[in-house]
**Q** 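Mind having a look at this structure? Questions to follow.
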Amino acid sequence: LVVHCTAGSFKPPVESILGQIYGDRGVKALGGSRGGYHIMITKNGHCCKIYDDTFTAYGAKGYNGNGIQINWMGGYSGFNMTSAQAKTLVDIIKTYVARYPNIQVCGHNQVANKPCPRIWMPRLMTTLGFGTKNIFQTKKTNLEKYATDSDVYQGDYNNIKNAKLA
């Protein structure tokens, strides 16, 4: 399970965002043949299932064939996840770990040199009570910087764990 953020604003409607990411102006314009995410989480916490789990989406190079890509809308200029998005993300993670007990969860920033998803997933997974079996450990030591980077949420991860739908 690879968690992403759109690194965009909340202003465009979800249809516009999806059109940019998955339509002719998005995937095809970038030379791709398919979208990058299985699930999008909107500002109000709604979950938009785009692809079946078995479909190979192009979200994280090297982790597409066996990865399920989850994306929350936002993150343009820092961590601005809504409480509803946090609640939905936590629910999705718990659902997938229950469905696939050996699944490992990571942030895009653990496999690529970028702050996306603006969360350090090993810290969130630990806060949620998951053991090392479900926490992806990056093998790229230069990416460990995102654990303390100012572009990634450094607040109390219990705020994400205990988020409620608005």
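Here the structure is a predicted model, which is why all the values come from computation and not from measurement. The analysis underlying the following values was restricted to heavy atoms, covering all of them including side chains, and did not include hydrogens, waters or symmetry mates.
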**Q** Is there a path of hydrophobic side-chain contacts, each under 4.5 Å between heavy atoms of I, L, V, M, F, W or Y residues, that connects I93 with V111?
**A** no

**Q** Can you sort out the partners of K133 under side-chain contact (heavy atoms from CB on, under 4.5 Å), two or more places apart, ordered by chain and number?
**A** P101, N102

**Q** Any side-chain heavy atom of V2 sitting closer than 4.5 Å to one from M121?
**A** no

**Q** Applying salt bridge (charged side-chain N to carboxylate O under 4.0 Å, His left out), name anything that partners D149, two or more places apart in sequence or on another chain.
**A** none

**Q** What residues form a side chain to side chain donor-acceptor pair (under 3.5 Å) with Q110, not counting sequence neighbours?
**A** none

**Q** Please list all pairs passing the ring-ring contact (aromatic ring centres under 6.0 Å, His included) test where one or both residues lie in residues 110-148, with sequence neighbours left out.
**A** Y63-F136

**Q** If you round to the nearest 0.5 Å, how far is CG of L1 from NE2 of H38?
**A** 10.0 Å

**Q** Run the side chain to side chain contact (heavy atoms under 4.5 Å, CB included) check on T42 and T88 step by step: do they pass?
**A** CA-CA 9 Å; T42 65; T88 300; over 6 Å; no

**Q** Nearest 0.5 angstrom please: I68 CD1 to I39 CD1, how far?
**A** 7.5 Å

**Q** Report yes if the side chains of N109 and C116 come closer than 4.5 Å at any heavy-atom pair, otherwise no.
**A** no

**Q** Are the side chain of T6 and the backbone N or O of G74 linked by a donor-acceptor pair below 3.5 Å?
**A** yes

**Q** Sequence neighbours left out, what pairs pass salt bridge (Lys or Arg N to Asp or Glu O under 4.0 Å) with at least one residue falling in residues 83-98?
**A** K87-D91

**Q** Name all residues meeting the side chain to side chain donor-acceptor pair (under 3.5 Å) criterion together with K145; count only those two or more places apart in sequence or in a different chain, and write none if there are none.
**A** N113

**Q** Y96 versus N134: any side-chain heavy-atom pair under 4.5 Å?
**A** no

**Q** Any chance you could measure H108, atom NE2, to I119, atom CD1, to the nearest 0.5 Å?
**A** 14.0 Å

**Q** Going through the distances and angles, do I92 and C47 end up as a side chain to side chain contact (heavy atoms under 4.5 Å, CB included)?
**A** CA-CA 9 Å; I92 289 169; C47 182; 3.9 Å; yes

**Q** Measure the shortest side-chain to side-chain distance between Q85 and M73 over non-hydrogen atoms and say whether it is less than 4.5 angstrom.
**A** yes

**Q** For residues 70-81, pull every pair meeting salt bridge (Lys or Arg N to Asp or Glu O under 4.0 Å), keeping only residues two or more places apart or in separate chains.
**A** none

**Q** Looking at every heavy atom in both A163 and S83, which two are closest together, and how far apart are they?
**A** CB-O, 3.3 Å

**Q** With rounding to the nearest 0.5 Å, note down the distance linking CH2 in W72 to CE in M81.
**A** 5.0 Å

**Q** Under the side chain to side chain donor-acceptor pair (under 3.5 Å) test, which residues partner N66, sequence neighbours left out?
**A** none

**Q** Please name all residues satisfying side chain to side chain donor-acceptor pair (under 3.5 Å) with T54, sequence neighbours left out, ordered by chain then number.
**A** D52

**Q** Side chains of V90 and I160: closer than 4.5 Å at any heavy-atom pair?
**A** yes

**Q** What heavy-atom pair brings T132 and Q104 nearest, and what distance separates the two atoms?
**A** O-NE2, 4.4 Å

**Q** With a 4.5 Å limit on heavy-atom distance, are the side chains of T127 and N158 in contact?
**A** yes

**Q** Could you list the residues that satisfy ring pair (Phe, Tyr, Trp, His ring centres under 6.0 Å) with Y153, not counting sequence neighbours?
**A** F79, Y157

**Q** If you compare all heavy atoms of Y76 against all heavy atoms of A7, which two are closest, and at what distance to 0.1 Å?
**A** CD1-O, 3.3 Å

**Q** Could you name each residue pair satisfying salt bridge (Lys or Arg N to Asp or Glu O under 4.0 Å) that touches residues 111-128, not counting sequence neighbours?
**A** R118-D151

**Q** Enter the distance from L124:CG to I135:CD1 here, rounded to the nearest 0.5 Å.
**A** 9.5 Å

**Q** Ignoring hydrogens and geometry, is there a side-chain-to-backbone donor-acceptor pair from Q69 to T56 under 3.5 Å?
**A** no

**Q** Considering residues at least two apart in sequence or located in another chain, which fulfil the salt bridge (charged side-chain N to carboxylate O under 4.0 Å, His left out) criterion with K49?
**A** D53

**Q** Would you give the length of the straight line joining atom SG of C5 to atom CG of L89, rounded to the nearest 0.5 angstrom?
**A** 11.0 Å

